[in-house]
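Report on the following structure.
Along the sequence shown, the residues carry numbers beginning at 1. Whatever order the structure lists them in is the order used to number ligands and atoms, beginning at 1. All figures in this text were calculated on a predicted structure; none of them were measured in a lab.
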Amino acid sequence: MLEVRRLSVNYGRHQALRDVDLQVRPGELVVMLGANGAGKSSLLRALGGMQRPADGSSVQLDGHDLIALQPHRIVEQGLALVPEGRGIFPTLTVRENLALGAFTARARKGESARYEEVITLFPKLRQRLGQAAATMSGGEQQMVAIGRALMSAPRLLLLDEPSLGLSPLMCSELFRAIALIRDQGVGVLLVEQNAYRSLEIADRGYLLENGRIVGSGSAAQLRNDSAVQRAYLGQH
Ligand code: ATP
């Protein structure tokens, strides 16, 4: 279980995140909704060890403190981040990208079974294993990025706007796969601007505004909330 308390992130004098509290339980899909600049990427980057949180912040995964750990140590603890822009290696093949995901000691055990699971989850990748990642469509590259993160055997997967720039069809395929990952027992924290689709698959959600959590609830509660509908679901 991910337990975040009083997480703050500062960029010089600018406070991008302020006293964020949140939980993600095993096998739970939680969406973080927020407009441009709300602080969503800062949150995920801080959890993944790519951005130093302010003093007094606390991040624990299954009771282990993650604050101040190097990013690779955080992956070793079972938290995998798929960053905005995916972060895959464009000149390497799909197979090589996936193999690189299994660099930690926790991932090497069971690597080949996990590899099979990943290409079962994303059947499109099976025909493309020898293809350079850069030559694939945006949606396929997102699958490679998520597949690579899954190769690290995470307990918790963090996804930064995976649907950005994808066609509606590709988006549906991707969100179906994300729901399946949750069904297999992995906790998922999904940062999205696509509130409509993410609330369709999520269990719970939080609303982030100007670096603060301003609301939370079950996915059904959020879908029916008039403020959420106005701000995120395009209904007035
Ligand atoms: P988007 O969806 O547009 O990426 P976001 O919700 O992910 O937005 P962040 O990228 O976390 O938001 O940015 C939160 C705030 O922090 C913004 O005001 C942004 O300009 C600022 N910010 C982000 N990264 C930095 C940085 N490296 N240096 C200074 N300010 C930053």
Are V82 and L189 linked, directly or through intermediate hydrophobic residues, by side-chain heavy-atom contacts shorter than 4.5 Å (ILVMFWY only)? no
Shared ILVMFWY cluster between L121 and L129, side chains joined below 4.5 angstrom? yes
Pairwise side-chain hydrogen bond (donor to acceptor under 3.5 Å, both in side chains) hits with a residue in residues 49-59, at least two apart: none
Per the side-chain hydrogen bond (donor to acceptor under 3.5 Å, both in side chains) rule, what does the pair list look like for residues 33-44, sequence neighbours excluded? Y11-S42, N36-Q193, S41-E84, S41-D160
Could you name the protein residues that come within less than 4.0 Å of ligand 1, counting only heavy atoms, and order them by chain and residue number? Y11, H14, A16, A35, N36, G37, A38, G39, K40, S41, S42, E84, E161, Q193
Under the side chain to side chain donor-acceptor pair (under 3.5 Å) test, which residues partner R197, sequence neighbours left out? S172
Does any part of the side chain of M1, heavy atoms only, come nearer than 4.5 Å to the side chain of V24, both counted from C-beta? no
